[in-house]
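This report concerns only the one structure given below.
Letters go in sequence order (proteins before strands), and every chain restarts at 1. All values below were derived from every heavy atom in this structure, side-chain atoms included, with hydrogens, water molecules and symmetry-related copies excluded.
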Amino acid sequence: MNVRGVVVGVSDGKTVSTDYGESELVEVSLREAESAEETTVTLWGKWTEAGALLEPGMELAVYDADVDEYRGETRYTTGDGTMVVVEPDFIVDVTNVRAWVDCPRMYYLNKIGGIELAEPVVKGTIVHEVFGDLLRGRDVEAAVEDRVREAGLDLGLLGADVESMTESVRQHAQAIEGWLQQGTLTERDEYRSEQTLISRRYGLKGRADAVRRGAPVELKTGKNTKRDPRFKDKVQATCYALILGEHGETTPDTGTLLYTKNAAVDRAETSGDLSPAKDFSIGSGLLAFVLRARNEIAAMESDMSVPTGYEGEAKCEYCFEQDTCMAVSGRLDQESKAGQVGTAVPESERTYFDRFYRAVETERREVHREYAKLWRQSPEERADADRALVGLEPTGQRELDGGRWELRATGTGAVSKIRTGDLVLASDGDPVGGNAELARVERLGGADGEIVVTADEPVELRRLDIYPSELTTDRLLTALHDAVLTQSPEWKDPLFGRAEPEIDPIEETVIDNNAAQDEAVRMALGAEDFALVHGPPGTGKTYTLATIVREFLDRGERVLISAFTNRAVDNALEALIEEGVTDIVRFGSESGVRADMQEYRLDRSGDPQRCASQLEEASVVAATTASCGSRAMRTQSFDVAVVDEAGQLTEPGTLAAVALADRFVLVGDHQQLPPVTRADTDLSESLFERLIEAYPEASKLLDRQYRMAQRIQAYPSREFYDGALRPATGAVASQQVSDLPDVESDRLPAHLRDRVAFVDPGGTQKGHTNPAEAAAVTDAVESYLDAGVSEGEIGVIAPYRAQVAEIDRRVPEAVTVDTVDRFQGSSKEVIVVSFVATGSLESPIFEDYRRVNVALTRAKKALVLVGDADTLASDDTYARMVEWAR
DNA sequence: TCTCTGCAAAGAGGA
């Protein structure tokens, strides 16, 4: 029997005499998830360790428990083959179990500090890729050369020599080949490389290097002359065996570790066992052990405590990370088995670190909840199936040069969040238990409805799921680590309120036709610590940013340009190029960078020296904040970081960029959309907003807007900018649709002749759509088209994606229809907004008034609001908006 | 049923 529920209470452990001698037991009372009834589970023997980890409120799953009838009530007890899982919804990565078994503190250090760029790591990555290539039947020489080439930037930053790296990788590859040949298995079908494995049952995920006849194979590029694999390596392979057992009919009873460096060890000098491949047997004891280790991690993460190292058996004197461990322990004043060195950062910084650490980890839990959506199979459970495209019909697959596969299918035409360029889980219909591969979306919803993805292995393409990645959360932690632990006290002073930011604006005028922009530039150039540029819609903040960057460059400074989204980074670059700056390196993935910026993109493959010097010698580097946290970018330092759309960035997200520089300039608008987070935590407020409130004198408001007619900007200015916003010129103030070529405003219906109009079609909200509003929006759009406004000059904004789809069906294709969130940053001559809500404004989407600000301020010459006037009037802010618009 | 973008991930070493 399986039982799962929330822990209500845990008894003290006790020792009892049984037929088999003395035994330990712990009793756990659970409220069952299914029945909501209370029941008791008795944990025996080693499973009592789980009892020690449990706290009321935590979840527990017990699989294959024995059932007892005790005084008429059903009780459960662990027996042969029972598996106990603490907090099963917390998805632990297999490599983390490996690190934890080695030393729990190592797990924590890896998490907060990331793994630094180092030659063994880069070589390891290359050899793993070659391993995959060989399993897929690729020629060794070609694979080695290609994979070394691809690591060009990393190798260059390390100053590594290509020839010796290639030679070394070749030796490792030969060890792999030797192993492949000596096996009796020759058919490729027996192998499966780099398989993504996700366990719902045990709360585990990972990528097995290879699976051979259903058993895990792990590649290690180190040497091991013992006969047995290293324990932590066995643990890793056993985790994969556990997951494979869940998905297949049986749990594999052996695993293989492949130590490829053994092949290069001089036989004359070593007496040990130099065969690279070492098999080991996987018994029930080891399977239960790895699960208990996984449980320890899940329990520790549940209360977010910090491991000390005493939890494990590791000997600090043998540990390569001993120095790092002591330094981190010292700086954060954490208890540590290795001890502490150095002085602790001030208490306020430790509190700050802790506060944001918890916020990021809370966010991580929300990412984990998205895994649960992967295993919802039935249509009813797929209520929010916009995270997946299901019911695809495979239409073909072919092998590409370099061993990857192109997979094709036709879709059902359903809408989802999946977009071209996304990393997704491509599967045969079951992303968890079936055949699934990480894949890249190459094409989506062409005219023929065909979907094209590329993956390492062929899969019958029947379903695509968004792959919940922890990359962002991981990088927020490393940014926090870098800022708090490695920056100087002086750098941190104003961030922690110990000193006012110093600004000595430069004297000379830079922008002579806009006083606020000019002052912003002069402040930014004269900032000792940081300066803040507050740019409401249409105030030329991107131009101001580009001018700031150009001025810094003229003074010989090295500048980092960053923003949360690729789009914002590319926009900033575009403005900089217009300023005549072209000595630029755009750091980012091919799919992320806009087509017209590809020529500036750093090619990370090729000659190491060339790759590295392109990055190191660039006076301007542009990257998203997520990329700023990458290993390569963390090796770089800048005089100044200039961050655009800073109001959209979490505090640690901003730190990822600014921690790479001596000083920084944040450009943004905290009255527009805040950072996107899943959980409501300290991450919801941007660093920009915090600093602008703490140090208004370090900020400059750009108060002249070049976008909206005066009639349009009136309400947003009053409501969101204390009335400080005004049109830059008379022409801006008085613009109207009849200014557009071939537009005759007398052809517009009377109610649309004003620059701002309100239409109440009297519809009813249905789910997240309102068909009557969609029709009214379409009418308004048609009216403007009839009056001569061209399709590309009209935009439609709705709060929900469902309504966006509803409207999109009805209007010509060249009319842009999108959610508020995705419209931020752009503008149109004519904007029509659909509010959807009728009856009540009780939806979180209406709570944040900044969203309305964004919607209204996209319009230049005409703005039409379509909504239910009575409903909107039920909220003061919206009531004022209706009054203004009517 | 709220909105959303980033990211390949996992990769090493030795008493």
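For Pro674(A), the side-chain contact (heavy atoms from CB on, under 4.5 Å) partners at least two apart in sequence or on another chain are Asp848(A), Arg850(A). The salt bridge (charged side-chain N to carboxylate O under 4.0 Å, His left out) check on Arg230(A) picks up Asp233(A), with sequence neighbours excluded. A search for side-chain contact (heavy atoms from CB on, under 4.5 Å) contacts involving Lys315(A) returns Glu317(A), Tyr318(A), not counting sequence neighbours. Scored by the ring pair (Phe, Tyr, Trp, His ring centres under 6.0 Å) test, His368(A) finds Phe90(A) as partners (sequence neighbours excluded).
Among the protein residues, Asn224(A) comes within range of no part of the nucleic acid, since none of its heavy atoms lies under 4.0 Å from any strand. Across all strands shown, Arg98(A) has no heavy atoms under 4.0 Å from either base or sugar-phosphate atoms. Looking at heavy-atom distances under 4.0 Å, Lys261(A) makes no contact with the nucleic acid at all. Counting any heavy atom pair closer than 4.0 Å across all strands shown, Tyr800(A) reaches sugar-phosphate atoms only and no base atom. Arg851(A) comes within 4.0 angstrom of a nucleotide base, judged by non-hydrogen atoms across all strands. Residue Asp422(A) is classed as having no contact, given no heavy-atom separation below 4.0 Å to the nucleic acid. Residue-level contact check: Gly206(A) touches the backbone only, with heavy atoms under 4.0 Å from sugar-phosphate atoms and none from bases. Pro675(A) comes within 4.0 angstrom of nothing in the nucleic acid, heavy atoms only. In this structure, Gln236(A) reaches the sugar-phosphate backbone alone: every heavy-atom distance under 4.0 Å involves primed, P, OP1 or OP2 atoms, never a base. Across all strands, Ser469(A) comes closer than 4.0 Å to base atoms (heavy-atom distances). Within 4.0 Å of Ser627(A), counting heavy atoms only, lie sugar-phosphate atoms of the nucleic acid but no base atom. Base contact: Arg230(A) has a heavy atom under 4.0 Å from a base atom. Within the nucleic acid shown, Asn110(A) has no heavy atom closer than 4.0 Å to any nucleic acid atom. Base engagement by Thr472(A) is indicated by at least one non-hydrogen atom pair under 4.0 Å involving a base atom.
When each of dA12(B), dG14(B), dT3(B) is scored by its nearest atom to the side-chain atoms of Thr819(A), the top-ranked nucleotide is dT3(B). Each of dA9(B), dT3(B), dA12(B) was ranked by its minimum atom distance to the side chain of Asp821(A); first place goes to dT3(B). Residue Glu321(A) has its side chain nearest to dA12(B) when only dA12(B), dT5(B), dA8(B) are considered. The side chain of Arg440(A) sits closest to dA8(B) out of dA8(B), dT3(B), dA12(B). For Pro120(A), counting side-chain heavy atoms from C-beta on, the closest listed nucleotide (dT3(B), dG6(B), dA12(B)) is dA12(B). Of the candidates dT3(B), dT5(B), dG14(B), dT5(B) carries the atom nearest the Arg419(A) side chain, counting heavy atoms from C-beta on. Closest to the Thr125(A) side chain, of the nucleotides dA9(B), dA10(B), dT3(B), is dA10(B). Of the candidates dC7(B), dT5(B), dT3(B), dC7(B) carries the atom nearest the Leu471(A) side chain, counting heavy atoms from C-beta on. Among dG6(B), dA9(B), dC2(B), the nucleotide with an atom closest to any side-chain atom of Ala626(A) is dG6(B).
Arg678(A) has its CZ atom 17 Å from the C1' atom of dT1(B), to the nearest Å. For Tyr467(A) and dA8(B), the OH to C1' distance is 9 Å, given to the nearest whole Å. In this structure, Tyr849(A) places its OH atom 16 Å from C1' of dC2(B), rounding to the nearest Å. Distance Glu437(A) CD to dA9(B) P: 13 Å, rounded to the nearest Å. When rounded to the nearest whole Å, the span between CG of Leu258(A) and P of dA12(B) equals 12 Å. Atom-to-atom, CG of Asp474(A) to C1' of dG6(B) comes out at 12 Å; the value is rounded to the nearest Å. Residue Glu370(A) contributes atom CD, which lies 13 Å from atom P of dC2(B) at whole-angstrom precision. For Leu477(A) and dC7(B), the CG to P distance is 18 Å, given to the nearest whole Å.
A donor-acceptor distance shorter than 3.5 angstrom exists from the side chain of Asp422(A) to the backbone of Arg419(A), with no hydrogens or angles considered.
Under 3.5 Å, the side chain of Lys315(A) and the base of dG14(B) form no donor-acceptor pair of N or O atoms.
OP1 and OP2 of dA9(B) both lie 4.0 Å or more from every side-chain N or O belonging to Thr95(A). For Thr221(A), a side-chain nitrogen or oxygen approaches OP1 or OP2 of dA12(B) to under 4.0 Å. Look at Arg207(A) and you won't find any side-chain N or O under 4.0 angstrom from OP1 or OP2 of dA8(B). For the OP1/OP2 pair of dA12(B) and a distance below 4.0 Å, the side-chain nitrogens and oxygens of Lys220(A) include at least one atom meeting the criterion.
Looking only at side-chain heavy atoms (C-beta outward), Arg858(A) and Ile797(A) come within less than 4.5 Å of each other. Between Arg98(A) and Lys234(A), every side-chain heavy-atom pair lies at or beyond the 4.5 Å cut-off. Side-chain contact between Arg586(A) and Leu602(A) is absent, with no heavy atoms from C-beta onward closer than 4.5 Å.
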Result block: side-chain N/O donor-acceptor pairs under 3.5 angstrom for residues 835-842 of chain A, not counting sequence neighbours:
{"from": "Thr838(A)", "atom 1": "OG1", "to": "Gln765(A)", "atom 2": "N", "distance (Å)": "2.8"}
{"from": "Ser840(A)", "atom 1": "OG", "to": "Glu842(A)", "atom 2": "N", "distance (Å)": "2.8"}

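The strand DNA chain B forms no stems, meaning no runs of 3 or more Watson-Crick or G-U wobble pairs with distances below 3.5 Å.
Dense packing is recorded around CG of Asp603(A), with more than 12 heavy atoms of other residues, nucleotides or ligands lying under 6.0 Å away.
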